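Here is the naming used below: chain letters follow the sequence lines, and residue numbers restart at 1 for every chain. Every heavy atom of this structure was used, including side-chain atoms; hydrogens, water molecules and symmetry mates were not. These numbers were taken from a predicted model, which means no experiment stands behind them.
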Protein chains: 2
Amino acid sequence: MTGQVRTVDGRVAGRRGQATRQKLLDCLREMLDTSPYRDVKVIDVARMAGTSPATFYQYFQDVESAILEIANDMAKDGQRLKALTEDQGWTGKGGYAAAEALVDGFLEFWQEYEPILRVVDLASAEGDKRFYKVRQSILTAVTTGLTEAIEEVQAKGKTGEEVAANAMAGTLVAMLAAVSGHQKGFETWKIKMKDVRPALSTLVFMGITGKKPPR
Amino acid sequence: MTGQVRTVDGRVAGRRGQATRQKLLDCLREMLDTSPYRDVKVIDVARMAGTSPATFYQYFQDVESAILEIANDMAKDGQRLKALTEDQGWTGKGGYAAAEALVDGFLEFWQEYEPILRVVDLASAEGDKRFYKVRQSILTAVTTGLTEAIEEVQAKGKTGEEVAANAMAGTLVAMLAAVSGHQKGFETWKIKMKDVRPALSTLVFMGITGKKPPR
DNA sequence: ATCCGATCTGACTGATCGTCAGATTTCTGC
DNA sequence: GCAGAAATCTGACGATCAGTCAGATCGGAT
């Protein structure tokens with residue numbers, strides 16, 4: 001399904017072509033690490049890769065298509081976050097540990113892919129369906145996992161009327177994504193990430209179980 | 001202090017100039033409502049305002065400076081969110097009602113200024129200090145208000161070791177901002193905003209008080 | 001009606017986008 | 001190893017937009 005690498009006009013790329021294409025992707029990624037998204041020019045990426053803009057357009061429709069490619073790889077890697085919601089007890093001390101693991105997973109993942117996620121966030125916020133889909137593929141997995149966890153806890157507790165499980169799960173995931181994406185912002189504030197981690201873990205635990213975490 | 005409106009080269013703008021300037025700002029804002037930020041061209045804004053690009057540059061350094069102007073107005077309006085954190089009981093039913101009011105305040109504010117906030121988010125995420133400052137001026141007020149509320153609750157409860165108040169407040173504010181900014185995203189999911197509101201309120205309440213909200 | 005400062009704009013330079021035809025490199029069969 | 005074919009690359013081009021500047025136009029004061 002992933003199939004062959006193709007040029008814009010549909011030809012299957014050979015050995016040399018694939019190498020060039022990959023080099024362009026690498027340079028684009030490096031560029032995104034250092035410059036604001038809107039300042040990334042095809043001409044600069046091409047220059048950095050030691051080739052010409054025309055070559056770039058041979059392999060990518062436009063800059064966004066290229067970023068999308070990088071984002072898709074990221075999304076594939078992101079599926080591991082889903083595992084952090086599954087087969088967990090979610091009650092008692094073990095539950096809190098699971099919450100911490102989920103929080104750490106998010107923080108690390110966002111730190112690793114920060115520049116890409118920034119573009120994905122923006123583009124999907126502005127209505128680009130391709131990027132929206134990437135974002136969803138990462139977050140949906142976690143959200144559904146958490147939804148199931150919450151439903152399970154609610155079924156056992158049967159406290160009567162509860163918050164909708166999927167809304168709570170979606171909210172927690174949005175929170176995790178937001179805080180993870182603003183780690184630098186927190187530090188620029190007088191807030192230490194060392195303190196934010198337990199705050200997040202506590203909220204995740206309370207959101208799922210409705211109880212204060214054990215200490 | 002707000003002083004007179006000035007042109008880029010320092011002249012004080014007269015009646016006609018101010019009108020033109022305002023028209024440009026209005027058109028820019030309308031443009032941001034409908035097009036992605038990166039697609040907004042000075043030439044289009046000028047055309048929509050029935051003037052020429054050169055005129056635009058008479059009043060604004062660049063597009064971002066103009067957006068910053070709009071963003072500053074928004075930030076001024078945003079100070080009302082701070083009031084929602086002050087002089088609240090934050091315990092019992094009254095506390096939950098206060099949490100609901102805060103949540104609603106955020107949701108409405110973000111809905112009203114969605115396109116501007118989107119740009120502010122992006123620009124500050126990419127390191128533009130001017131926009132970062134605007135973002136902070138809105139969020140800091142709420143965060144400090146919440147921090148005080150949490151410290152107050154913690155002082156009364158004196159349960160020993162607690163989560164750092166400012167970290168918890170910052171996290172809650174980030175959560176509110178994130179969810180408010182993704183209202184459309186939630187709806188595109190199968191999650192109803194009607195369900196998200198209580199989820200948010202519950203998390204805010206629990207984050208502040210450490211207890212499950214009363215029903 | 002005339003003048004003067006405030007305001008606007010046509011025209012220009014320079015940068016980038018995105019395309020295409022043709023040059024260059026690599027591969028293939030012999 | 002070589003001719004021919006296929007793959008790949010690129011110079012050059014037309015189009016668009018940013019940003020600047022000198023000069024045209026406007027509108028109120030006298």
Side-chain angles (χ1 to χ4, degrees), chain A residues 3-28 30-32 34-69 119 123 126 128 130, chain B residues 3-28 30-32 34-69 119 123 126 128 130:
Chain A
Q4 294 121 324
V5 175
R6 286 177 178 275
T7 58
V8 167
D9 54 335
R11 254 192 356 268
V12 175
R15 197 172 303 138
R16 183 158 68 124
Q18 293 208 19
T20 303
R21 201 184 119 103
Q22 191 55 50
K23 189 163 197 177
L24 285 168
L25 281 177
D26 291 344
C27 291
L28 172 57
E30 188 177 337
M31 203 126 236
L32 283 173
T34 57
S35 328
Y37 164 44
R38 64 196 123 92
D39 290 350
V40 170
K41 312 290 181 194
V42 170
I43 204 173
D44 294 326
V45 177
R47 193 149 34 210
M48 183 184 289
T51 181
S52 79
T55 300
F56 182 95
Y57 287 105
Q58 191 134 40
Y59 295 105
F60 306 103
Q61 201 80 33
D62 48 36
V63 179
E64 285 164 38
S65 297
I67 297 180
L68 194 65
E69 181 105 2
V119 178
E126 285 191 332
D128 188 314
R130 303 172 299 171
Chain B
Q4 294 122 323
V5 175
R6 287 178 178 275
T7 57
V8 166
D9 53 336
R11 255 193 355 270
V12 174
R15 197 171 302 136
R16 185 157 67 124
Q18 293 208 19
T20 304
R21 201 184 119 101
Q22 192 55 49
K23 189 163 197 177
L24 284 167
L25 281 177
D26 292 344
C27 291
L28 173 56
E30 188 177 338
M31 205 125 237
L32 283 173
T34 55
S35 326
Y37 165 44
R38 61 185 174 285
D39 289 351
V40 170
K41 313 287 181 196
V42 169
I43 206 174
D44 293 327
V45 177
R47 194 151 32 212
M48 183 184 288
T51 181
S52 80
T55 300
F56 183 94
Y57 287 104
Q58 192 134 40
Y59 295 106
F60 306 103
Q61 201 79 32
D62 48 36
V63 179
E64 283 164 39
S65 298
I67 297 180
L68 194 65
E69 180 104 3
V119 178
E126 285 191 333
D128 189 313
R130 303 174 297 173

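OP1 or OP2 of D:dC9 has at least one side-chain nitrogen or oxygen of A:T20 nearer than 4.0 Å. Between B:T51 and C:dC8 there is no side-chain N or O to OP1 or OP2 distance below 4.0 Å. In this model, the phosphate group of C:dG5 is not approached by any side-chain N or O of B:R11 to a distance below 4.0 Å at OP1 or OP2.
With rounding to whole Å, B:D9 atom CG is found 11 Å from C:dT7 atom C1'. Between B:R15 atom CZ and D:dG28 atom P the separation is 7 Å, expressed in whole Å. When rounded to the nearest whole Å, the span between CD of B:Q58 and P of D:dG19 equals 15 Å. Taking atom CZ on B:R38 and atom C1' on D:dC17, their separation rounds to 17 Å, with Å as the unit. A:K23 places its NZ atom 16 Å from the P atom of D:dT8, with the value rounded to the nearest Å. Following rounding to the nearest Å, B:L24 (CG) and D:dG19 (C1') show an atom-to-atom distance of 15 Å. For A:R21 and D:dA7, the CZ to P distance is 17 Å, given to the nearest whole Å.
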* Asked: Given A:D62 and A:S65, is the side chain to side chain contact (heavy atoms under 4.5 Å, CB included) satisfied, shown in steps?
  -> CA-CA 5 Å; A:D62 48 36; A:S65 297; 2.9 Å; yes

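Remark: side-chain polar atoms of B:T34 are paired, donor with acceptor, to backbone N or O of B:M31 under 3.5 angstrom.
Side-chain contact check for B:L25 versus B:Y59: every heavy-atom pair is 4.5 Å or farther apart.
No engagement by B:F60 is indicated, since no non-hydrogen atom pair under 4.0 Å with the nucleic acid exists.
Each of B:E69, B:Q18, B:Q22, B:R11 was scored for a side chain to side chain contact (heavy atoms under 4.5 Å, CB included) with B:V5, with one residue passing: B:Q18.
In terms of heavy-atom proximity, B:A46 sits nearest to B:P53 at CB-N, 3.6 Å.
Remark: B:Y37 pairs with B:E64 by the side chain to side chain donor-acceptor pair (under 3.5 Å) rule, at least two apart or across chains.
Ion pairing between a basic and an acidic side chain is recognised when a charged N comes within 4.0 Å of a carboxylate O; A:R47 and A:D44 show such pairing.
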Would you tabulate the pairs of protein nitrogen or oxygen atoms and nucleotide nitrogen or oxygen atoms of nucleotides 10-19 of chain C closer than 3.5 angstrom?
unit_1	atom_1	unit_2	atom_2	d
C:dC17	OP1	A:V42	N	2.9
C:dC17	OP2	A:I43	N	3.2
C:dG18	OP2	A:Y57	OH	2.6

